[in-house]
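Got a structure for you, questions after.
In the text below, chain A, chain B and the rest are named by the order of the sequence lines, each starting its count at 1. Because the structure is predicted, anything quoted here is derived from the model rather than measured. Hydrogens, waters and symmetry mates are skipped; everything else that's a heavy atom, side chains included, is used.
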There are 2 protein chains.
Amino acid sequence: MRVKVNYIAPMASDRSTIPPEKQRTYTISELSREFDVTPRALRFYEDKGLLSPDRNGQNRVFSSRDRARLKLVLSGRKVGFSLNDIREMLDLYDLGDNQRAQLRATYKKHKQQIEILNQQRLEIDEALKELHRGVDWLEKKLATIGPGKDELGTISAYDAIARAQLEGENEPSSA
Amino acid sequence: MRVKVNYIAPMASDRSTIPPEKQRTYTISELSREFDVTPRALRFYEDKGLLSPDRNGQNRVFSSRDRARLKLVLSGRKVGFSLNDIREMLDLYDLGDNQRAQLRATYKKHKQQIEILNQQRLEIDEALKELHRGVDWLEKKLATIGPGKDELGTISAYDAIARAQLEGENEPSSA
DNA sequence: AGTTACGTTGACGTGCGCGTAAAGGTGAAC
DNA sequence: GTTCACCTTTACGCGCACGTCAACGTAACT
């Protein structure tokens, strides 16, 4: 069994001096380990225009700028932005002109996302209400059917619930 | 221009007497109109085993049982159950045996779905917190940059945010 | 006969964020 | 020289719930 004897990533090691930290470069696996994403994801992000690493031969070389962008991507994902949303915001920054317009566009996106999430929260709350009603209904049914022997008259649960549904009486929240 | 002169759906009209309401049948468009779903959806539900309409020739004939099941399907969807979940619950009912086991299985699914939605709510709340932090940060930046002419030294918003990110100071919630 | 209003069965497309082979290249270590 | 350990590109797969043609049949009304 071979132990990993100070293996140095090929691309990360061909610089003998450690630059002033601002020009550091990263291999794909370095970044994927640091941020706990798969290399596949990073390649995907590049494909979608979120990252644009240089190449050393055929190997990707990520700059600290890429690293910063990746941070932005990941925190964007965490709050529910789509990769498209994120790319749009990132693209704005890269244009580099009209500071305030860029910030305000991003500001707007944030507000919109807040709206979206608030809406989703409302929908979830609605669903939870219904589910609780369903649970109550099921508990009652389980109680009335009682803990006795099953099969009392071949009335199927489906029929019972279907009738309840049809007549609009405290029907269960769902199937 | 032809006005719709009491158009009667072909399959719904070839019965001269209106049956005791329990044996009524429905065409695909009748059901789709009543519940505001597309015919395509109903065919899809059949394909997935959620409905099983009879045929008159090649035309689907939905029974009141199908209608009841459709109700269950739609209310299931509303609370976030997948069609697979719904099918499983429906299948249990159709087995027709062991009342309590069926009800308890459905009960369990409900509880699980409640858990899932509660979890999603937490995640949304987390995201909202971050987004609000981001909004605050953006507002501050917009304020400090001030309402003057833009472009003060070619520092791009990206650089500003990236620096904030890198140094962990009240960084924005995302891109 | 023509038009209208329905119905049918395939079968591929969509959006999202990657996963998962397939098939190979490169350089360092043993 | 062979085996790691890592890298590459190409490209299809997936889960979900249908949408969207295509190409056609049928019944009813004008």
**OP:** To the nearest 10°, let me know how far the axis at one end of the helix from dA1(C)-dT30(D) to dC30(C)-dG1(D) is tilted from the axis at the other, five pairs an end.
**Re:**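 Both end axes considered, the difference amounts to 40°.
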Contacts under 3.5 Å, N or O only, protein and nucleotides 13-20 of chain D:
unit_1, atom_1, unit_2, atom_2, d
dA17(D), OP1, Arg77(B), NH1, 3.2
dA17(D), OP2, Leu83(B), N, 3.4
dC18(D), OP2, Tyr45(B), OH, 2.8
dC18(D), OP2, Arg77(B), NE, 3.3
dG19(D), OP2, Thr38(B), OG1, 2.6
dG19(D), N7, Arg40(B), NE, 3.2
dG19(D), O6, Arg40(B), NH2, 3.0
dT20(D), O4, Arg40(B), NE, 2.9

Original post:
Can you tell me how far P of dT26(C) sits from CG of Asn56(A), to the nearest Å?
Top reply: 13 Å
Original post:
Over how many whole Å does the gap from Ile86(A) atom CD1 to dC16(C) atom P extend?
Top reply: 12 Å
Subject >> Any residue meeting salt bridge (charged side-chain N to carboxylate O under 4.0 Å, His left out) with Glu126(A), in chain and number order, not counting sequence neighbours >> reply: Lys129(A)
Subject >> By side-chain hydrogen bond (donor to acceptor under 3.5 Å, both in side chains) - contacts of Ser32(A) (at least two apart) >> reply: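 Partners of Ser32(A) under the side-chain hydrogen bond (donor to acceptor under 3.5 Å, both in side chains) test: none.
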**OP:** List for me each residue that meets side-chain hydrogen bond (donor to acceptor under 3.5 Å, both in side chains) alongside Arg87(B), sequence neighbours excluded, and say none if there are none.
**Re:**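 If we apply the side-chain hydrogen bond (donor to acceptor under 3.5 Å, both in side chains) test to Arg87(B), skipping adjacent residues, the hits are Asn84(B), Asp91(B).
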**OP:** For dC6(D), take OP1 and OP2 only and decide whether either is under 4.0 Å from a side-chain N or O of Thr27(A).
**Re:** no
Subject >> Nucleotide of dT8(D), dC6(C), dT9(C) approaching Arg33(B) most closely (side-chain heavy atoms) >> reply: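 So the nucleotide nearest the side chain must be dC6(C).
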Original post:
For Asp136(A), which residues count as a side-chain hydrogen bond (donor to acceptor under 3.5 Å, both in side chains) partner, sequence neighbours excluded?
Top reply: none
**OP:** Sequence neighbours left out, what passes salt bridge (charged side-chain N to carboxylate O under 4.0 Å, His left out) with Glu139(A)? Give chain and number order.
**Re:** none
**OP:** Mind calculating the distance between CZ (Arg43(A)) and P (dG17(C)) to the nearest angstrom?
**Re:**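 Going from CZ in Arg43(A) over to P in dG17(C) covers 19 Å.
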**OP:** Find out whether Gln112(A) and Lys108(A) are in side-chain contact, i.e. whether some heavy atom of one side chain is under 4.5 Å from a heavy atom of the other.
**Re:**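 Touching, per the 4.5 Å side-chain cut-off.
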Original post:
Rounding to a whole Å, what distance do you find between Lys48(A):NZ and dG19(C):P?
Top reply: 14 Å
Subject >> salt bridge (charged side-chain N to carboxylate O under 4.0 Å, His left out) partners of residues 40-53 of chain A, not counting sequence neighbours, each pair once >> reply: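 Counting only pairs at least two positions apart or across chains, the salt bridge (charged side-chain N to carboxylate O under 4.0 Å, His left out) contacts touching residues 40-53 of chain A are Glu46(A)-Arg55(A), Glu46(A)-Arg60(A).
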Original post:
If we only count heavy atoms from C-beta on, is the Ile116(B) to Phe81(B) side-chain gap below 4.5 Å?
Top reply: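 They are not in contact (no side-chain heavy atoms under 4.5 Å apart), so the answer is no.
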**OP:** Take atom CG of Leu31(B) and atom C1' of dC6(C), then tell me their distance rounded to the nearest Å.
**Re:** 15 Å
**OP:** Write down the distance between CZ (Arg87(A)) and C1' (dC18(C)), rounded to a whole number of angstrom.
**Re:**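 Taking CZ of Arg87(A) and C1' of dC18(C), I get 17 Å after rounding.
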**OP:** Grab the CD-C1' distance between Gln58(A) and dC6(D) for me, whole Å please.
**Re:**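 Result: 11 Å.
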Original post:
Is Arg60(B) near enough to dT8(C) that one of its side-chain N or O atoms lies under 4.0 angstrom from OP1 or OP2?
Top reply: yes
Subject >> For Asp125(B), side-chain hydrogen bond (donor to acceptor under 3.5 Å, both in side chains) partners two or more places apart >> reply: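 Checked Asp125(B) against side-chain hydrogen bond (donor to acceptor under 3.5 Å, both in side chains); matches are Arg121(A).
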Subject >> Whole-Å gap separating C1' (dT9(D)) and CG (Asn59(A)) >> reply: 12 Å
